[in-house]
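Note that the structure is a prediction, hence the values are computed from the model and not measured.
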Amino acid sequence: MTDAAVLDSPETNAPAYSVSELAFALKRTIEDAYGFVRLRGELSKVTFHGNGHVYLDIKDERACISGVIWKGQVKGLAVRPQTGLEVIVTGRVTTYPGRSQYQIIIESMAPAGVGALLAQLERLKTKLQSEGLFEVERRRSLPAMPGVIGVITSPTGAVIRDILHRITDRWPCRVIVWPVVVQGDQAAAQVRAAIEGFNALKPGGAIPRPDLLIVARGGGSVEDLWPFNDEALARAVAAGTIPLISAVGHETDTTLIDFVSDRRAPTPTAAAEMATPVLADLAAALADYERRMIGCGARLVRERRDRLAATAARLPRLPDLLALATQRLDIASGGLSAALRAGVAHHRHELTTAGAALKPTLLHRPMEIKRERLAGLAARARPAIQAVLARRREPLDAASGDLAAALLAGISRHRHELATVGSALRPTLLQRPMDAQTARLAGVAARAGPAIARSLTRSGERLVALEKLRLSLDPDRPLGRGFARVHGASGVLARSAASLAAGEAVRLVFHDGERGAVVDGVAPVRRPVKAAPTDQGQLF
């Protein structure tokens with residue numbers, strides 16, 4: 001037999017209930033048995049509905065019961081419901097037949113102290129704080145311009161999209177996402193493994209080592225965020241070498257990881273803003289620094305130029321310094337020719353005087369003396385010889401030959417002495433004073449020649465420069481290159497078009513003559529004409 005046949009058989013006494021009948025029967029039974037209940041537990045998943053009702057859970061270590069507070073009772077509660085708060089509620093237990101779920105309808109609520117989970121969290125915080133994991137000194141500073149950012153979060157939630165969008169808008173850098181679950185029993189272990197994995201990366205490897213880490217998760221209840229209160233996870237964050245930003249929950253949510261991280265962000269979007277600078281702001285600041293640097297440099301140059309100008313104004317001018325020396329040089333160069341002529345005349349006079357002292361009588365006097373001595377000897381010898389001949393003619397005859405030879409020998413000796421004295425008076429002795437004077441005069445002339453040549457060279461250069469200056473200032477020289485001078489009716493040179501009136505007779509002066517013209521009242525249209533190269537000459 002089938003089950004339907006058994007149920008419809010008149011032999012069984014078990015009535016067949018419908019689902020609704022059973023559900024509402026249970027509802028009446030529970031409400032009759034638990035019409036008034038005082039319940040103690042910790043609030044969780046507190047939700048304020050838009051219609052004014054409040055839905056929540058009350059739990060302890062082993063069980064959880066749903067609760068609801070109708071909007072008429074919310075205003076009369078002694079305490080505002082919030083997650084983690086341990087309370088004592090009063091109400092009646094009922095069921096919700098649509099889900100086969102029992103719940104308590106809360107009529108009053110009073111605080112009963114901090115919940116068990118929060119008390120456990122406080123004990124763990126106290127332990128870690130005593131170990132120095134919460135000290136501000138151990139926190140690392142965030143990089144000003146990170147090149148690589150590591151994000152530890154769920155890859156499917158809205159958190160990662162908010163972070164990537166914010167980073168892209170602010171700072172162009174590489175983002176590496178380590179996907180983890182952020183809720184449940186495996187969340188703490190996966191987040192800890194991600195932090196340790198990022199810190200284990202070597203610089204320069206296939207996967208770049210991040211400059212900054214962000215641990216992010218959206219808001220939720222205490223139970224949802226409880227994995228981030230794990231002691232092992234907190235110690236892994238404290239032991240890491242890469243700066244870390246904690247962005248778990250919303251602004252009012254606080255977890256244990258917030259106390260050991262280097263920086264806490266109220267929201268994941270705020271974490272992205274905290275981790276990255278604004279490129280536009282940096283560019284503006286750089287432009288401002290550049291503008292200020294250029295301004296400071298220009299001001300410094302301007303101040304130095306003013307100081308230099310003031311110093312130069314107090315110094316004497318170069319022409320004033322050289323004026324006296326130039327004047328002395330001009331006077332000396334002007335008197336040099338006259339001094340040279342006077343020197344030559346003076347040395348010529350000295351030479352003439354010295355030459356006049358050398359008379360011919362002085363040259364012949366030694367010979368005359370010798371001749372006079374010889375004549376005197378001959379005059380004294382002749383009477384003596386005649387006397388001796390007169391007394392001793394006979395012996396003299398015998399010795400006449402010897403005496404004649406002696407006389408001849410004496411004459412020869414004296415003649416030899418006279419020739420020797422004459423040869424000693426050479427022309428060089430006469431010319432030596434004249435040669436000394438001539439050498440002195442030649443030395444003076446040799447020194448005067450280069451000085452006169454230099455003076456003439458400088459004067460010639462100065463004359464050439466003045467001639468070039470005269471040619472450059474010659475008003476008729478440009479006329480040979482196609483220019484013309486315009487003179488008005490009064491003969492005055494016209495220097496601008498405004499000085500000539502319409503119909504005025506003018507005179508055009510060219511290089512080969514003059515022509516008359518009348519000024520037209522209509523200004524001609526100027527057309528660009530490429531000027532042919534002309535020889536402008538040189539000034540110096």
Measuring only between side-chain heavy atoms, which start at C-beta, is [X] closer than 4.5 Å to [Y]?
| X | Y | value |
| --- | --- | --- |
| L128 | F259 | no |
| R40 | V89 | no |
| I245 | V215 | no |
| V191 | I195 | yes |
| L56 | T47 | no |
| I106 | V68 | no |
| H49 | V54 | no |
| C173 | I167 | yes |

Does atom [atom1] ([X]) have a neighbourhood of more than 12 heavy atoms from anything else shown, all under 6.0 Å?
| X | atom1 | result |
| --- | --- | --- |
| R174 | CZ | no |
| Q327 | CD | no |
| F134 | CZ | yes |
| Q186 | CD | no |
| F48 | CZ | yes |

Roughly how far, to the nearest 0.5 Å, is [atom2] of [Y] from [atom1] of [X]?
| X | Y | atom1 | atom2 | value |
| --- | --- | --- | --- | --- |
| M145 | L279 | CE | CG | 10.0 Å |
| D57 | T83 | CG | OG1 | 9.5 Å |
| R328 | S333 | CZ | OG | 13.0 Å |
| Y17 | F24 | OH | CZ | 15.5 Å |
| L233 | Q190 | CG | CD | 12.0 Å |
| L26 | L22 | CG | CG | 4.5 Å |

Just checking, any donor-acceptor pair under 3.5 angstrom between side chains of T94 and K27?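 Yes, because at least one side-chain N or O of T94 sits under 3.5 Å from a partner of the opposite role on K27.
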
Are R170 and T276 close enough that a side-chain donor and a side-chain acceptor fall under 3.5 Å? yes

How would you list all residue pairs meeting ring-ring contact (aromatic ring centres under 6.0 Å, His included) that involve residues 162-199, not counting sequence neighbours?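 Sorted result for residues 162-199: W178-F198.
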
Sole candidate of D230, I152, V180 that passes side chain to side chain contact (heavy atoms under 4.5 Å, CB included) when paired with R192: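 Result: among D230, I152, V180, D230 is the only option passing the side chain to side chain contact (heavy atoms under 4.5 Å, CB included) with R192.
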
Write down the atom of [X], the atom of [Y], and the distance for their closest heavy-atom approach.
| X | Y | result |
| --- | --- | --- |
| A216 | T153 | O-OG1, 2.9 Å |
| I88 | R38 | CG2-NH2, 3.5 Å |
| P146 | A275 | CG-O, 3.4 Å |
| T254 | R264 | OG1-NH2, 4.2 Å |
| P97 | T95 | CD-O, 3.5 Å |
| G219 | R217 | O-NH1, 3.1 Å |

Using the side-chain contact (heavy atoms from CB on, under 4.5 Å) rule, take V175 and V177 through it: C-alpha gap first, then chi angles, then the decisive distance, then the call. CA-CA 6 Å; V175 179; V177 180; 4.3 Å; yes

Start with the C-alpha gap between E122 and K125, add the side-chain angles, then the distance that decides, and say whether salt bridge (Lys or Arg N to Asp or Glu O under 4.0 Å) holds. CA-CA 5 Å; E122 289 297 328; K125 286 171 57 178; 3.7 Å; yes

May I have all residue pairs that pass side chain to side chain donor-acceptor pair (under 3.5 Å) and include part of residues 283-292, sequence neighbours excluded? D288-R291

Taking only residues two or more places apart in sequence or in another chain, which ones pass side-chain hydrogen bond (donor to acceptor under 3.5 Å, both in side chains) with Q101?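 side-chain hydrogen bond (donor to acceptor under 3.5 Å, both in side chains) check on Q101 returns S66.
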
S108: partners by side-chain hydrogen bond (donor to acceptor under 3.5 Å, both in side chains), with sequence neighbours left out: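 S108 satisfies side-chain hydrogen bond (donor to acceptor under 3.5 Å, both in side chains) with T90 only.
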
Has the side chain of [X] got a donor or acceptor atom that lies under 3.5 Å from a matching backbone atom of [Y]?
| X | Y | result |
| --- | --- | --- |
| R485 | A494 | no |
| D169 | R166 | no |
| E21 | S18 | yes |
| H53 | W70 | no |

Pairing of D262 and R139 as salt bridge, 4.0 angstrom limit: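 Looking at D262 and R139, the cut-off is not met.
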
Would you call E231 and R235 a salt bridge, using N to O less than 4.0 angstrom? yes

With a cut-off of 3.5 Å and sequence neighbours excluded, list every side-chain donor-acceptor pair involving residues 207-214.
| from | atom 1 | to | atom 2 | distance (Å) |
| --- | --- | --- | --- | --- |
| R209 | NH1 | N199 | O | 2.8 |
| R209 | NH1 | L201 | O | 2.8 |
| R209 | NH2 | T241 | OG1 | 2.7 |
| D211 | OD2 | G147 | N | 2.8 |
| D211 | OD2 | V148 | N | 3.3 |

Starting from the C-alpha separation in whole Å, work towards a yes-or-no answer on side-chain contact (heavy atoms from CB on, under 4.5 Å) for F36 and R92. CA-CA 5 Å; F36 179 80; R92 56 187 176 86; over 6 Å; no

Check step by step if side-chain contact (heavy atoms from CB on, under 4.5 Å) holds for L493 and V486. CA-CA 6 Å; L493 179 65; V486 180; 5.6 Å; no

Begin from the C-alpha positions of E131 and K127 and carry the test salt bridge (Lys or Arg N to Asp or Glu O under 4.0 Å) through to its verdict. CA-CA 7 Å; E131 296 179 6; K127 176 183 176 182; 5.0 Å; no

Applying side-chain contact (heavy atoms from CB on, under 4.5 Å), run through Q103 and V93 and close with a yes or a no. CA-CA 6 Å; Q103 61 185 5; V93 179; over 6 Å; no

Between side-chain atoms of residues 156-164 and protein atoms elsewhere (two or more places apart, or another chain), which donor-acceptor pairs fall under 3.5 Å?
| from | atom 1 | to | atom 2 | distance (Å) |
| --- | --- | --- | --- | --- |
| T156 | OG1 | S154 | OG | 3.3 |
| R161 | NH1 | G157 | O | 3.4 |

